[in-house]
Amino acid sequence: MGSIEQKRTVTYTDISNLRQLLSNTQAEIRAPTDPNYSKLIDRWSKAAEKPAGVAIAPTCSEEVGIAVKYATENGLDLAVRGGGHSTAGASSTDGGILIDLQSRMRNVTVDEEKQQLHIQGGALWSDVDDAAWAKGLATVGGTVADTGVGGLTLGGGYGVLSGTRGLVIDNTREFTVVLANGDIQRANKGENSDLFWALNGAGQNFGVTTEFVLQAYPQAEVYLGTMLFPATSEIITKLVDALNDLYKVYSTPNGPATKSEGRAMSLVGFAKPPPAEGKTMVLMNAVFDGPQSEGEKLFQPFFDIGPAVNEMRMAPYPTANKLVPAMYGMRSSMKGAAYMMPLRTNFVMDIQSKYDAFIESCEDAAPSVVAWELYDPCKVAQSEEGSFANRGYHFNSLVMPMWSKPENDRRCRQFARDLSDMFKKEIQSHGYQASGGVEGGASVRGRQGAVMLYGNYDQYDELSKDIFGDSYPKLQKLKGQYDPHNMFNKLFAIQPEGATAQL
Ligand SMILES: Cc1cc2nc3c(=O)[nH]c(=O)nc-3n(C[C@H](O)[C@H](O)[C@H](O)COP(=O)(O)OP(=O)(O)OC[C@H]3O[C@@H](n4cnc5c(N)ncnc54)[C@H](O)[C@@H]3O)c2cc1C
């Protein structure tokens, strides 16, 4: 194999060739001066938008195939948009071909007999939740309903039901993928099983997934809501104790477990929500997959602390993924880091002081949040599915600055890096070390080589080898087979085996 050439940008001739090639199809093709072009390139984070040379909104795999084949044969830069939530710009291209799946490929159909969901590559989780719920079903999916199925699934996917059902990729049954040469392939455990393995965790690197088939399960209403607590040291101490009790992993005769046996999930963090008039509050979104009486018992220690706002109630399952508002159209960045239970009160308070100091110095960033995600990690840790390299008994934290003015881009991203580094140092106090993020950086692993980095949250600084860990060599081999010219290179690019270009 030779070297990988630099991809080029689109010319007028390319646009006219593509119009010609797609002329007898339903695909929408938009040059920068065309109406609707700006809608195709807009992103959840304004900071992630880039001016594509041409934007194509296909309606089926065949149309995707024509565009991908043209990009590969002509060495053009290529980006694929699912739900558009990558804050690193991984679904955008500066001057290349953009394939926008979200505009016209969002259909979800339910196979009631098999309890499986057939989901087009541009669907949002709200599409999936609503279609499944209409048939009394649900599957693991994003906790913010307007995120895309595409990126979230192909990178692993944590959701409200992860405690009992694992990651999204523990529930994928089949992918339909358009490969770099334009071919349409199916991948499942029996057919193209290596590709199936690669797509389950490193999927953005192997093609355009035009259909996902996910297993779903019978689902009843859940007990859920938001609680808000004043962020005093006394309250934080009590909250940390209650969280440690609810999410501590302990040994049972049947293996590791948490108190709720996987049925409780919480997102807890510092924020400045509107009713708090600029004050920092501890925000807790909680979901219990079970009846109200059991949920109340589990969350009683939190009620006893005295939340200023308590909206816990029974609700249809899709509401669980609407507790966090969509917040479309701000500038945003995202940086995660792993952490272990038990939480340390002093560490949580250190994070609060840094959060407060940052917002005081940059009012534009007041909507920013720092959050601890609390799922029962046992099911995720115990599965062996896919190339995903972050399975373990650890949890994910998330630092998400949100702001409006482009001149604050650098300092807001630096805030995310600084806090993520604090989490990484904290995890060392538990005898672990997250991957370094720089060549030669320390890379001590969690359970069975877990990288302790979630690629869908760590979209800058980290290296592909850090994210894919022990799966990386096999991924390189498969990359050489399925995408030797590295067309799919926007998120933790994998250097194809034998290629000489430095990615
Ligand atoms: C508000 C918010 C909430 C989040 N909540 C969660 C959560 O609950 N759980 C979780 O695990 N993660 C969560 N994430 C992280 C999320 O997994 C990533 O941001 C993910 O990239 C979003 O996927 P998308 O399709 O919306 O993004 P996009 O920006 O469209 O795509 C991201 C990457 O995936 C590729 N891609 C997308 N669709 C396809 C496809 N069909 N075929 C091939 N490649 C594709 C793109 O090319 C790009 O490289 C959240 C992120 C945000 C911003």
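Computed from a predicted model, the values in this text were never measured in an experiment.
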**Q** Classify the ring geometry between Phe299 and Phe303 as parallel (under 30°), tilted (30 to 60°) or perpendicular (over 60°).
**A** tilted

**Q** Suppose we call two aromatic rings close when their centres sit under 6.0 Å apart. Are Phe423 and Phe347 close by that rule?
**A** yes

**Q** Strictly under 6.0 Å, is that where the ring centroids of Phe175 and Phe196 end up?
**A** yes

**Q** Please determine if Asp170 and Arg391 form a salt bridge, counting it only when a charged side-chain N lies under 4.0 Å from a carboxylate O.
**A**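 So Asp170 pairs with Arg391 through a salt bridge.
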
**Q** Considering only heavy atoms from C-beta outward, does the side chain of Leu161 approach that of Asp289 to under 4.5 Å?
**A**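 In contact.
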
**Q** In plain terms, say whether Lys46 and Glu49 are close enough for a salt bridge, that is, a side-chain N and a carboxylate O under 4.0 Å apart.
**A** yes

**Q** I need the full list of salt bridge (charged side-chain N to carboxylate O under 4.0 Å, His left out) pairs touching residues 409-422, with sequence neighbours left out, sorted by first then second residue.
**A** Arg331-Asp409, Arg417-Asp461

**Q** Within a strict 4.5 Å, meaning less than it, do heavy atoms of the Thr143 and Leu267 side chains meet?
**A** no

**Q** Please state whether the rings of Tyr317 and Trp133 are parallel, tilted or perpendicular, taking 30° and 60° as the class boundaries.
**A**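 It falls in the tilted class, 30° to 60°.
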
**Q** Compare all side-chain heavy atoms of Pro367 with those of Met330 and state whether any distance is below 4.5 angstrom.
**A**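 Yes - at least one pair of side-chain heavy atoms lies under 4.5 Å apart.
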
**Q** Regarding Lys424 and Glu462, does a basic nitrogen lie under 4.0 Å from an acidic carboxylate oxygen?
**A** yes

**Q** Who are the ring pair (Phe, Tyr, Trp, His ring centres under 6.0 Å) partners of Tyr355, not counting sequence neighbours?
**A** none

**Q** Classify the side-chain pair Ser126/Asp129 by whether it contains a donor and acceptor separated by less than 3.5 Å.
**A** no

**Q** Under 3.5 Å, is there a donor-acceptor pair between the Gln116 and Gln215 side chains?
**A**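 Yes, a side-chain donor-acceptor pair sits under 3.5 Å.
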
**Q** Identify whether NZ of Lys or CZ of Arg in Arg165 sits under 6.0 Å from the centre of the six-membered ring of Tyr217 and within 45° of that ring's axis.
**A** yes

**Q** So, Arg81 and Asp42, do they make that salt bridge, N to O below 4.0 Å?
**A** yes

**Q** Is any side-chain heavy atom of Cys362 less than 4.5 Å from a side-chain heavy atom of Asn408?
**A**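 Side chain of Cys362 against side chain of Asn408, heavy atoms only: contact under 4.5 Å found.
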
